[in-house]
Amino acid sequence: MPRVVVLDYGSGNLRSAQRALERVGARVEVTADPDAVLDCDGLAVPGVGAFAACMAGLRAAGGDKMVARRLELGRPVLGICVGMQVLFAAGVEHGIQSDGCGAWPGTVERLDAGVLPHMGWNTVAAPPGSVLFYFVHSYALRSPGAEQLAAAGALISWTEHGEPFAAAAEQGALAATQFHPEKSGDAGAALLANWLGTLS
């Protein structure tokens, strides 16, 4: 069974991520211990709430440095929801820009949609096909940032709420989902199982 750490940096949704990963066959530990984070087969970085608050918690726990080190070593990292957003260079909320981890270029911005937050089920156009996933968010990597990331070699899955945005991105050891696989039923479980299958 792959060993996965769910990074505990004070953000919510830790236990639901843990349970979802355990259901698909992972041995999961919820911790911010640097040795455990660096030594595990896969690191899951969940996130709930505001970009700036998640980044503050991540920095306080040293999580930004641990994520960077894992990526330097080519070790798998999976960002979930705001855990995806903080992997980008920056996020803008309420007119205030905050630095992110910088694992990917691009800025996370408020969606241009009539109803926010975007909450519910969407069809996702993934490179190999389409499935349904559950979303709860108001901010995302929009065009042209997602298109620039794709031009740099990342695989981008798209969906739309008011405008197209990146529902997921994958590049080398780094993968991230704007949606909540732990709340996306069988489709989300399949995604987590597929990610576990990439862990060595």
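Both backbone and side-chain heavy atoms feed into the values below; hydrogens, waters and symmetry mates do not.
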Side chain to side chain contact (heavy atoms under 4.5 Å, CB included) between Leu192 and Leu78, intermediate numbers included: CA-CA 9 Å; Leu192 292 174; Leu78 174 66; 3.9 Å; yes

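- Scanning all heavy atoms of the two residues, the minimum distance from Ala175 to Leu87 falls at O-CD1, 4.5 Å.
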Check against salt bridge (charged side-chain N to carboxylate O under 4.0 Å, His left out), Glu22 and Arg19: CA-CA 5 Å; Glu22 288 172 342; Arg19 286 189 298 273; over 6 Å; no

Side chain to side chain contact (heavy atoms under 4.5 Å, CB included) assessment of Cys101 paired with Met55: CA-CA 8 Å; Cys101 290; Met55 274 308 302; 4.0 Å; yes

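- Contact annotation: the side chain of Leu43 never approaches that of Val4 to less than 4.5 Å [non-hydrogen atoms, C-beta and beyond].
- Contact check for Leu58 versus Val86: side-chain heavy atoms found under the 4.5 Å cut-off.
- Atom CG of Leu38 and atom CE of Met66 lie 7.5 Å apart (nearest 0.5 Å).
- Residue pairs meeting the ring pair (Phe, Tyr, Trp, His ring centres under 6.0 Å) criterion with at least one member in residues 57-98, sequence neighbours excluded: Phe88-Trp104.
- Arg70 places no side-chain N or O within 3.5 Å of a backbone atom of Leu174 that could act as its donor or acceptor partner.
- The heavy-atom pair separating Val24 from Ala189 by the smallest distance is CG1-O, 3.4 Å.
- At distances below 3.5 Å, at least one donor-acceptor pair connects side-chain atoms of Glu93 with backbone N or O atoms of Phe51.
- Of all heavy-atom pairs spanning Ala167 and Val124, the tightest one is CB-CG1, 4.0 Å.
- Note: His118 and His161 have parallel aromatic rings, judged against thresholds of 30 and 60 degrees for the angle between ring planes.
- For the pair Ile156/Glu170, no side-chain contact is recorded, criterion being any heavy-atom separation below 4.5 Å from C-beta on.
- A continuous path of Ile, Leu, Val, Met, Phe, Trp and Tyr side chains, each step under 4.5 Å between heavy atoms, connects Leu116 with Phe179, placing both in one hydrophobic cluster.
- A donor-acceptor distance shorter than 3.5 angstrom exists from the side chain of Ser11 to the backbone of Val48, with no hydrogens or angles considered.
- Between Met1 and Asp41, the shortest heavy-atom distance links the atoms O-OD2, 4.5 Å.
- For His137 and Tyr139, the gap between ring centers reaches or exceeds 6.0 Å.
- Counting only N and O atoms by type, the side chains of Gln85 and Gln178 include a donor and acceptor under 3.5 Å apart.
- When side chains are defined from C-beta on, Thr123 does not count as touching Trp158, because their heavy atoms never get closer than 4.5 Å.
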From CA spacing to verdict: side chain to side chain contact (heavy atoms under 4.5 Å, CB included), Val92, Arg110: CA-CA 7 Å; Val92 177; Arg110 186 177 173 91; over 6 Å; no

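- Using a 4.5 Å heavy-atom cutoff, the side chains of Val28 and Val5 are not in contact.
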Ile80/Val45 under side chain to side chain contact (heavy atoms under 4.5 Å, CB included): CA gap, chis, key distance, verdict: CA-CA 6 Å; Ile80 298 172; Val45 183; over 6 Å; no

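- Considering every non-hydrogen atom in both Ala44 and Leu21, the closest pair reads CB-CD1, 4.1 Å.
- Put simply, the side chain of Gln171 does not reach to within 4.5 Å of the side chain of Leu155, judged on heavy atoms.
- Here the side chains of Thr159 and Phe135 are in contact, with some heavy-atom distance below 4.5 Å.
- Closest approach of Leu14 to Leu7, counting heavy atoms only: CD2-O, 3.4 Å.
- At least one donor-acceptor pair under 3.5 Å links the side chain of Asn122 to the backbone N or O of Glu160.
- One finds the CG atom of Leu141 at 10.5 Å from the CZ atom of Phe165 (value rounded to the nearest 0.5 Å).
- To the nearest 0.5 Å, atoms CZ (Arg23) and CD (Gln18) are separated by 10.5 Å.
- Side-chain contact check for Leu149 versus Pro105: some heavy-atom pair is nearer than 4.5 Å.
- Remark: Glu29 pairs with no residue by the salt bridge (Lys or Arg N to Asp or Glu O under 4.0 Å) rule, at least two apart or across chains.
- A distance-only check finds no donor-acceptor pair linking the side chain of Arg59 to the backbone of Cys54 [under 3.5 Å].
- For the atom pair CZ of Arg75 and SG of Cys40, the computed distance is 6.5 Å after rounding to the nearest 0.5 Å.
- Interatomic distance, CD of Glu182 versus CZ of Arg15, reported as 13.5 Å (0.5 Å rounding).
- The OH atom of Tyr9 sits 11.0 Å away from atom CG of Asp64, with the distance rounded to the nearest 0.5 Å.
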